[in-house]
Each structure stands twice: as structure tokens, then as C-alpha cells.
Amino acid sequence: MAALCRGRHRWRRTIHFRVFTRNLTGKYDYDLVVIGGGSGGLACSKEAAQLGQRVAVLDYVEPSAKGTKWGLGGTCVNVGCIPKKLMHQAALLGAAVKDAKKYGWQISGTVCHDWPTMAAAVQNHVRSLNWGHRVQLQDKKVKYLNLRGSLMDEHTVKGLSKAGKETILTAKNIVIATGGRPKYPTNIPGAMEHGITSDDIFWLKKSPGKTLVVGSSYVGLECAGFLTGIGLDTTVMVRSIALRGFDQQMAALVTDYMEAYGTKFAWQCAPKRVDRLPSGDLQVTWTDTQTGNEHKDTYNSVLWAVGRAPETKALGLDKLGVKLNKKTGKIVVGADESTSVPNIFAFGDISEGRPELTPTAIKAGKLLARRLAANSTELMNYDNVPTTVFTPLEYACVGLSEEEAEKRHGKDGIEVYHAFYKPLEFTIAERDASQCYIKVICEQGGDQRILGLHFTGPNAGEVTQGFALGFQCGATYSHLLQTVGIHPTCAEEVVKMNITKRSGLDATVTGC
Ligand SMILES: Cc1cc2nc3c(=O)[nH]c(=O)nc-3n(C[C@H](O)[C@H](O)[C@H](O)COP(=O)(O)OP(=O)(O)OC[C@H]3O[C@@H](n4cnc5c(N)ncnc54)[C@H](O)[C@@H]3O)c2cc1C
């Protein structure tokens, strides 16, 4: 114990000495230390290094409750956008194989999906991205440290290795980009013991089998979508509404399509407990919140998609007085990503009120680096951020939902143009296109500035990315009408819209 105390004093002396010398010389080990090597942290550190700063980035992955771990690159690369999109693609190919027969492809025998083949391919791709990130950091002269970072003061970071070894780094500026992790419900017996989350699903070596997805956020629906698409018996349990925060008419189209596609939905139901049966299966008990009746069913896997929590607890922010939002636990930031403590900045999923998306984290990180390293004054514009939900029928949008537009402008202050269209690809395949829909919400009057654009259909993200540029430039309904379509595409339906919701006319697109 005495030795331990002596050790502590020695360590304290070292810190004080460091702080003292730093104050005398004004020198730090680094110009910038970034905690978190995800989408945002990597972008920020690389940009700062390219601008001549001495930069270190700390990235450390705490294994999931199930023990899943992964490499450098954060959520997007390892347990988010990338493996999700690849598994979504696996599911789309399944649907394409069915279509292919109608297009003349002779496919003999039954077509079935092999999880281990898909998982190995996806995981190998992710590993190649992990490696690519390491190489990029090296090329750009960013020091990468596989350490868990916490703050000691506004210029000092403590890094802790897996083996418990401490490294102290000083920096002129510190950036926190530690993202978030999926939550488990705390009041459901067996939830954590027997369940998995999006931190595990992409790294499973064996098929999850019959799966209950609890939660209908975009993460829940996307996972349920690709599981259904590769042929697994999949149920989504929804307590209240699907895709909260998104336009609810569009959310209904997405879930209607999924129901027709084979995903089961347990609407207005709340899980009560999860038990492992002697067979190894999981028995889930839930309550129908409308009738109060209790139900049970067995599954091979239960995937919790009930939200994400920020990674702030282990960072030592309270000691430094970095202000957090008490409800969300996220870091309160200014328009310039500054926190309540000078020299400490935060952005990406860890920061309050920001979209939880990779492109916003990357862009915010680059702009912050330019402000810190190159006297730039450009701030991140968080308005008009487009996004896509990669469900079996993809949904993409930019701008306001109809509900939000009504709230801000009044029902009479907006004009909504809409169209139900049939993608040409669906015709020969005899696919149902009932949920392929476009909605453009405009300001009433004048040139009718576009307030929101919503699209369900094939390649929704690709379609909407282009329109997002127009949106950013202040596109109006008149601009849409002046735009010539590309034929035959789904996107051209956006520039052809002429039926308003107010008119009550049939919005089904007919003819070419
Ligand atoms: C299933 C899923 C699908 C998604 N799909 C999309 C999509 O299609 N499109 C999209 O734009 N976004 C998507 N996202 C969201 C996107 O992944 C995040 O918004 C993005 O990764 C946030 O970047 P970030 O830099 O803030 O944090 P992260 O990418 O989460 O990176 C944070 C890093 O910091 C590390 N870390 C945490 N604490 C410490 C510490 N104390 N010391 C050192 N390192 C630490 C973490 O391990 C992690 O590596 C998805 C997310 C999920 C979960």
C-alpha cells in the first residue's frame, strides 16, 4: 500500500512538473489530441496534421456486453453504416434473384442464403478498412494510440492501455469524438444476459436465426429488413411509433412495405422478460400495451435496438466542468464545437443536438481542424442534412417532415406535391409498388421554396443526394419544374410532380 502511495505521489509530481514546464515554455507534446478514432475523430486528426499540426488520436474499443470487439474506425466502419449497407445489399440481391427468373434467368434449385459466407466477406472488408485507416494515419503523420483516453485538465489527456499502462499526453487543444454505444433496457430481466445489439450482429459467425428486434428506430428497421431479406424469420417489436423523428406518412410506407416483404410486427407491445430455455432458445414474454394481455414466443436471438448512449462517463468531464446535457448525457457544444471549457472541443455523436450521422461528423471534424489549425472561421452547417433509411424499400429525405413543416408554417402555409409511382424495374418482376412514393413540401406562395423532400424507392439515397444539392442552394418548386428528367428513372418522377395533396386528386403516376 505504502509503495502504491509512493507511486501515486511520484505520478502526481510528474503531472505537476509537466504542467509547470508547459506553463514556462508554452510547449505541449501535441498541438491537438483527439480522443476517439471514429468517423469524426479520424477526419479531424488527418485534416489538422495535413495543415501542419502535431496530432495524436486515441482510439479504444470497449468490447460489447457479448464480448464483440473490432478495430480502428469507429461505429460507421465496424458496427454501423458499412456492414449494415453490405448486409442490406445481400438482402437486395436475394430479391433480385427472385426478379431475375422473370427476366429470363434460368436458376435451378432453391436459392438459399449462407450467413457465414456473407459475414466472413463483410468482416474481411471491415478489417481491410481498419487497416486502411491505420495506413492513412501513418501517411499523414498522425500518431495513433490504441489507448482509452480521459481528461486530466484542459491540456492533458491520460491514455490507458488494455494492460493498464498509463501514458500522459499534453496538447494545446483537445477534441472529444467518442461517439456512442447501443443501450440495453435496464428493467427487463434477461435483456443483457441473453440479448445482442447492433454492436454484435455484424460480427456473428453463425446466423442469428429467428430474431426478435426490439425497437423501430432506423437501426432496428434496417437490421430487421436485411434479416428478413436473407430469409430469417424476423419480428420487430414496436412500443409506440416507428422511425420517430421522421415524417410519419413515410414511416408508415416503410413499415407497410416491410410487412408485405415478410417482416412481422408486434405493434404496441413492450417486452417484459427474456429467459433461456433448456433447448437454448430464448423465450420472450411481452405485454400488448393496448389490451394488457401477455404473450410469449421463442426466438434464437433477441436484438435490442432501443437507442444509443453517449460515451462520456469514463472521460472525466465532470471534474473539469465540461457541461453535459443532464437528460442525454451528451456534451453541450457551441456552433464552433466548443465545450464549456476552453481548449476542449466535441463533435459527432457525443455532442448534444447534432445529427447522429457519419457525414456530419466528418465534415464537422474537418472544419474544426481548419479553425484550430488554419485560422478558418467556417462553421459547420447542420441544416438541410439529407439521410437515408436502408430498409427493404429505401427511404431518403432532406429538410422538414410534413408534421414539422405544418408546425412551423401552418397547414395553409405549405403546399405538398406528391406522387405514387412504379419503378420500371418493378413491372416485369411484378413487384408491388404501392409504397413507392414521393412528397415535396413547399412554402405556400411565390416560387414555393422547398422545405422538405421525401422519397421511397430503389436507390433512395442516390436519388436524394442529388436533390440535396438543389435543396442546399434554395431550390423552389419552380426550379423543379424547370429541371429536365433523366428517363427512364425513378428520380425523374421528382421533377414531374404536379398533384397537390390539397387537391385530393389521385396521385398515381400513369404513362411514361
Ligand atoms: C447500425 C448503425 C447503422 C448506421 N448507419 C448509418 C448510415 O447508414 N449513415 C450514416 O451517416 N450514419 C450511420 N450510423 C451512424 C454513424 O455510424 C455515426 O453517426 C458515426 O459513426 C459517428 O461518428 P463519431 O466520430 O461521432 O463516433 P464513432 O464513429 O462512434 O467513433 C467513436 C470512437 O471513439 C472510441 N472511443 C470511445 N471512448 C473512447 C475513449 N475514452 N478513448 C478512446 N477511444 C474512445 C470508440 O470506440 C469509437 O471507435 C449508423 C449507426 C449504427 C449504430
Side-chain angles (χ1 to χ4, degrees), residues 33-45 56-64 68-88 130 133 144-151 157-162 167 169 174-183 197-202 213 215 217-226 303-305 307-317 330-331 333 337 346-351 354-366 368 385-391 394-396 460-461 465:
V33 167
V34 177
I35 309 179
S39 308
L42 290 177
C44 182
S45 54
V57 59
L58 282 69
D59 189 60
Y60 187 89
V61 179
E62 197 62 51
S64 76
T68 312
K69 45 186 196 259
W70 50 87
L72 178 63
T75 304
C76 171
V77 168
N78 296 283
V79 285
C81 331
I82 300 296
K84 176 277 299 287
K85 178 88 188 283
L86 291 172
M87 293 197 177
H88 170 62
N130 297 147
H133 281 307
Y144 161 56
L145 298 158
N146 183 207
L147 301 174
R148 183 194 303 150
S150 60
L151 292 159
V157 169
K158 179 169 76 181
L160 197 66
S161 75
K162 196 174 158 201
T167 304
L169 302 108
I174 297 169
V175 163
I176 306 169
T178 47
R181 296 294 288 267
K183 286 195 286 198
T197 68
S198 59
D199 274 1
D200 307 295
I201 186 85
F202 306 110
V213 176
S217 62
Y218 83 88
V219 171
L221 293 187
E222 288 179 342
C223 290
F226 73 69
L303 189 151
W304 300 100
R308 295 176 63 79
E311 287 283 283
T312 38
K313 282 189 207 87
L315 287 168
L317 301 176
K330 292 190 176 191
I331 301 175
V333 286
E337 327 298 353
F347 67 91
D349 285 12
I350 195 73
S351 49
R354 303 300 196 220
E356 291 185 8
L357 292 169
T358 282
T360 46
I362 291 176
K363 206 164 176 46
K366 279 190 185 166
L368 173 60
V385 173
T387 189
T388 297
V389 182
F390 291 95
T391 32
E394 295 175 7
Y395 162 43
Q465 181 69 82

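Start at 1 and go down the list; that is how both ligands and their atoms are numbered.
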Exercise for review: Run the contact test for Pro359 against ligand 1 with a 4.0 Å cut-off on heavy atoms, strictly below, and give the result.
Suggested key: yes

Practice item. State whether the side chain of Asn78 and the backbone N or O of Thr75 hold a donor-acceptor pair below 3.5 Å, judged by distance alone. Key: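 Checking the backbone N and O of Thr75 against the side chain of Asn78, no donor-acceptor pair under 3.5 Å is found.
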
Review point. Side chain of Asn130, backbone of Leu72: donor and acceptor closer than 3.5 Å?
Key: yes

Nearest option to [atom], as decided by whichever heavy atom of [options] sits closest:
atom                    : options               : value
atom 23 (O) of ligand 1 : Gly73, Gly80, Ser39   : Ser39
atom 27 (O) of ligand 1 : Gly149, Gly179, Ala43 : Gly179
atom 29 (O) of ligand 1 : Leu42, Thr75, Val34   : Thr75

Check your understanding: Run the salt bridge (Lys or Arg N to Asp or Glu O under 4.0 Å) check on Glu222 and Lys85 step by step: do they pass?
Key -> CA-CA 9 Å; Glu222 288 179 342; Lys85 178 88 188 283; over 6 Å; no

Where does [X] meet ligand 1, judged by heavy-atom distances below 4.0 Å: at the side chain, the backbone, both, or neither?
X      : answer
Val79  : backbone
Leu315 : side chain
Arg308 : side chain
Asp349 : both
Ile35  : side chain

Review point. Is Glu62 salt-bridged to Lys69, cutoff N-O under 4.0 Å?
Key: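 Salt bridge between Glu62 and Lys69, a charged N being under 4.0 Å from a carboxylate O: no.
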
Exercise for review: Kindly confirm or rule out an N or O of Lys84 lying under 3.5 angstrom from an N or O of ligand 1.
Suggested key: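 Right, the criterion is met.
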
**Study point:** Close N or O approach (Arg181, ligand 1; < 3.5 Å)
**Key:** no

**Study point:** Pair Asp199, Thr68: side-chain N/O donor-acceptor within cut-off below 3.5 Å
**Key:** no

**Study point:** Any side-chain donor near an acceptor of the partner, Asn146 and Asp59, under 3.5 Å
**Key:** no

Revision key, fill the gap. heavy-atom search around atom 33 (C) of ligand 1 in the protein gives Asp59 OD1, 3.5 Å

Review point. To the nearest 0.1 Å, how far is atom 50 (C) of ligand 1 from its closest protein heavy atom, and which atom is that?
Key: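 Here the closest protein heavy atom is Tyr218 OH, 3.1 Å.
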
Exercise for review: State, to 0.1 Å, how close Phe226 and Lys84 come at their nearest heavy-atom pair, and which atoms those are.
Suggested key: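 Heavy atoms of Phe226 and Lys84 come nearest at CD2-O, 4.3 Å.
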
Check your understanding: Which atom names give the shortest non-hydrogen contact between Val385 and Pro355, and what distance separates them?
Key -> CG2-CG, 4.4 Å

Review point. In terms of atom number and element, which parts of ligand 1 are under 4.0 angstrom from non-hydrogen atoms of Leu357?
Key: 10 (C), 11 (O), 12 (N), 19 (O)

